[in-house]
Visitor: 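Mind having a look at this structure? Questions to follow.
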Amino acid sequence: MVAFLLVMVAAAAVVLVVSSPFRRAETDTADAVDPKTATKVADLEAAKESKYREIRDAELDHRMGKLSDEDFASTDHTLRAEAIDIIDALDRSEET
Amino acid sequence: MATVGRALLILGLVVAVYGIAASLYGARTGRRAWVDSGRRSMYAIAGLMTSAFLILEVAFLRSDFSYTIVSNASSTTTPTLYKAAAVWSTQQGSLLLWVFLLSLWSSLALFLTRRRVREIAPYATAILLGFCTFFIALATLFANPFTTTSSPPAEGAGLDPLLRHTTMMIHPPMVYTGYTMLTIPFAFALAALITGRLNAEWIQVTRRFALAAWLALGIGVLLGARWSYTELGWGGYWAWDPVENAALMPWLLSTAFLHSIMIQEKRGMLKVWNVSLILASGTMAIVGTFLVRSGILSSIHAFVSDPTLNISFVVLIAVMMIASVGLVTHRRAALRSESQLDSLFSREAVFLLQNLVLVALTAVIFWLTFFPLISEAITGTEQSIGPPTFRPFVVPLALILVLLSGIGPIIAWRRVTVANLRRSFTFPVAVALATLLVLEVLVGGIGGHVFALLMFCVGAFALAAVAQEFFRGVRARRAMTHEAAPVALFSLVKRNRRRYGGYTVHAGLAVLLIGVAGSSSFQHSRYATMKPGQSTRIDGYDIRYVRPTATASPEKISFGAILDVTKGGHHVTTVHTSYGLYPSQNPSLGVIGRFFNSGSVESRIGLDAGFTHDIWTVVNVGNAGPLQGLITEGDRKFASALAAIQRQPAADQQSQLTELFALRDQLINELTQRFVTHPWPVQFLLIVSPLVTWLWLGGIIVAFGGLIALWPIPVLVRHRVRSAVYARRLAREPA
């Protein structure tokens, strides 16, 4: 009997956990963001973070003497141009 | 409670199947509630499996022998901590541990990504729930841990003596953590292929879990090696055993992935390669589980085998491989590289070469591990493969790997000039040459061990390269901030955790492989049979058998030896080694005999570990041969006394039996003490092995570096870019 009750409690808890999104689905819909836009923004945010890390890496490499001034100038210029492109794309995504 | 456990498993199976359906339906229709419900199914399974695992743990801790696996793998005399660890010494318990850890880590992964990778996540959830379904189904249908018996025995068989070791309490859960965590990047990679969202965000999510899996698996492998060194009584830490190799292969592949994914992040290259690597790592994790659980290849690490699981695992592995190959082929257009290598003298090129070496190493290990099965399939005879077959392939590749682990940190991304190369390489090359000089000229050479000499030199090169990187980094930071050196070092590592965590790992790997080269090339070992007072000599050390020791308890009988180690007349250390015999539950071995002839033995090594060398000893007493006559006579007398008691009225039997068994315990104790009072010659294995400590130290450094790299980076300030001017300012100030 105790075992049966315990299993019933577990089953009820499972139903409660699994069904909770359906109970609050309506409130969520109101402030939902277009999933395609959200995905694109998340993509660009990740790309931006990655590009920033790359710029920091190049700066550190240059300060440590692993990159010559000329190589650093060229690499840094390219990376920053790519970063601006990403930020512009982010701007556009957020405006739409 | 066994009924509750069984019900929880069935409930888990139902929830897993529902979760797959909900996730896929949600993904196809775009209905968020179904996707969330699918994700929450994983949380529910984590709760159910945690409860089921706790029920089983409590059964072991309470020595509830109505559970079949408790009576098979534990006993009332098993120490409490080992009772807790005995759960995963069984097939059933270990499969439950697998699915428990899988549900736990998957829940964590899905919780952390609940607002990210929105298109990928539902498919990843479905795939992870698929793994849960598979393992819960195995635990429910083929290896149910909650099977009970209506007539439980009074005493259990006890835990295998070889598993009574502290590392065995952590090693299996750690390896399983690595295996289960590797299924997470596998699931996200496969989901990214299904949806075609092969972008930067997928890499961010996958890389982090791959790193966590890599760290856990690495620690697990190292703990397994430590267990082998201190418990198995053969003096080694790595035997190229199938189960060891099974854990090493996904670790090598994930190492390759963690490097090559950086090339994709920075350059948009190697997309097919990266996704293939992480899919292969996930598949190898399942292959590893299959090897441990099935027993298809004989292993010193496999304590249970169940051929009934073979077909299920083979089907799962086949599905994983077909899905991986099919989806990578299907998405090959989206996986095209965005750029090419600028120069062969760049970090990208070094990473690429390192990747090829790691994959070649994995391929060699895979081929040699499965060669016995392949040979049996072709010739009908199973060819056994030992460490000597691995060495000619593995040693040169390991040398290249250490060399590249030194070159990687000191070479820049994209391109380098000759002047920069010279500046970066001068110090590490000088250190490597100095090492060569010291070893060859000052120490007097290392006697034809060319590979060991090369490993010491490339190891020194790698360590110097990493040290130089830290030094230059601190110097550059101090020039900017004028911080004190320790503060600058801390700030440098804190701001560049991935980079300096990785460099620390490289340094640890170099130390570890120097230890491997030293201990495997310059080890001295010999067998010696001695009586107390006798001595033998090994590698300049005099080892004297001082005196025997003996203890007897209901749990085990232990014969030991105290050895005194001297060098040049000076005392070096005293070591104690022992040989334990665990009683059998088989009554046919005799009332006394079952304590001495069970065949269930363990060796406790005598170890003096040092920075330069270890002195390692183990005693082998065998089956207490000189006592056999007395044991047989004791068995005969006790059997007749037992028969006489059983003929008495039932009311008198209990008191007489208590008296008889007290007498039995006394006799066992006296027989055991004869090892001290009438010692007979026993065999010792004596080993003097240099640099073993470097291996453990290197492993700790690797783990420390992994933790630095894994430690969460404070969430970067997510600026909301509103104008092109601000965008340009951000691009100028990325930090």
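Every chain is numbered from 1 and lettered A, B, ... according to where its sequence line falls, protein lines coming before strand lines.
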Visitor: Donor-acceptor pairs under 3.5 Å, side chain of residues 40-55 of chain B to any protein atom, not counting sequence neighbours: which ones?
Guide:
unit_1: B:Arg40; atom_1: NE; unit_2: A:Ser20; atom_2: OG; d: 3.4
unit_1: B:Arg40; atom_1: NH1; unit_2: A:Ser20; atom_2: OG; d: 3.1
unit_1: B:Ser41; atom_1: OG; unit_2: B:Ser37; atom_2: O; d: 2.9
unit_1: B:Ser41; atom_1: OG; unit_2: B:Gly38; atom_2: O; d: 3.4
unit_1: B:Tyr43; atom_1: OH; unit_2: B:Arg39; atom_2: NE; d: 3.0
unit_1: B:Thr50; atom_1: OG1; unit_2: B:Ala46; atom_2: O; d: 2.5
unit_1: B:Ser51; atom_1: OG; unit_2: B:Gly47; atom_2: O; d: 2.8

Visitor: Can you name the nearest heavy-atom pair linking B:Glu265 to A:Glu54, along with the distance?
Guide: O-OE1, 4.4 Å
Visitor: Between CG of A:Leu6 and CG of B:Leu8, what distance do you get to the nearest 0.5 Å?
Guide: 8.5 Å
Visitor: Mind running side chain to side chain contact (heavy atoms under 4.5 Å, CB included) on B:Thr3 and A:Val7 for me, showing each step along the way?
Guide: CA-CA 9 Å; B:Thr3 316; A:Val7 173; over 6 Å; no
Visitor: Please classify the contact of A:Leu79 with chain B as side chain, backbone, both or neither, using a heavy-atom distance under 4.5 Å.
Guide: side chain
Visitor: Just how far is it from atom CZ of B:Arg475 to atom CZ of A:Arg63, taken to the nearest 0.5 Å?
Guide: 12.5 Å
Visitor: Identify which part of B:Arg6 has an atom lying under 4.5 Å from any heavy atom of chain A, answering side chain, backbone, both or neither.
Guide: neither
Visitor: For B:Val4, is it the side chain, the backbone, both, or neither that has a heavy atom closer than 4.5 Å to a heavy atom of chain A?
Guide: both
Visitor: Which heavy atom of B:Arg498 sits nearest to which heavy atom of A:Arg53, and what is that distance?
Guide: NH1-NH1, 2.8 Å
Visitor: How many angstroms lie between CD in B:Glu469 and CG in A:Asp61, if you round to the nearest 0.5 Å?
Guide: 7.5 Å
Visitor: Of the backbone (N, CA, C, O) and the side chain (C-beta and beyond), which part of A:Ser68 lies under 4.5 Å from a heavy atom of chain B, both, or neither?
Guide: both
Visitor: Counting heavy atoms not belonging to B:Tyr18, are there more than 12 under 6.0 Å from its OH?
Guide: yes
Visitor: Which heavy atom in B:Arg499 sits nearest to a heavy atom in A:Asp57, and how many Å separate them?
Guide: NH2-O, 3.3 Å
Visitor: Under the side-chain hydrogen bond (donor to acceptor under 3.5 Å, both in side chains) rule, collect the residues that match up with A:Thr75, sequence neighbours excluded.
Guide: none
Visitor: Could you tell me which portion of B:Met480 (side chain, backbone, both or neither) has an atom closer than 4.5 angstrom to a non-hydrogen atom of chain A?
Guide: side chain
Visitor: Looking at A:Leu44, A:Val14, A:Asp71, which has the largest count of heavy-atom pairs under 4.5 Å with chain B?
Guide: A:Asp71
Visitor: Measure the spacing between CE of A:Met64 and CG of B:Asn420 and express it to the nearest 0.5 Å.
Guide: 12.0 Å
Visitor: Is it the side chain or the backbone of B:Leu492 that comes within 4.5 Å of chain A heavy atoms, both, or neither?
Guide: side chain
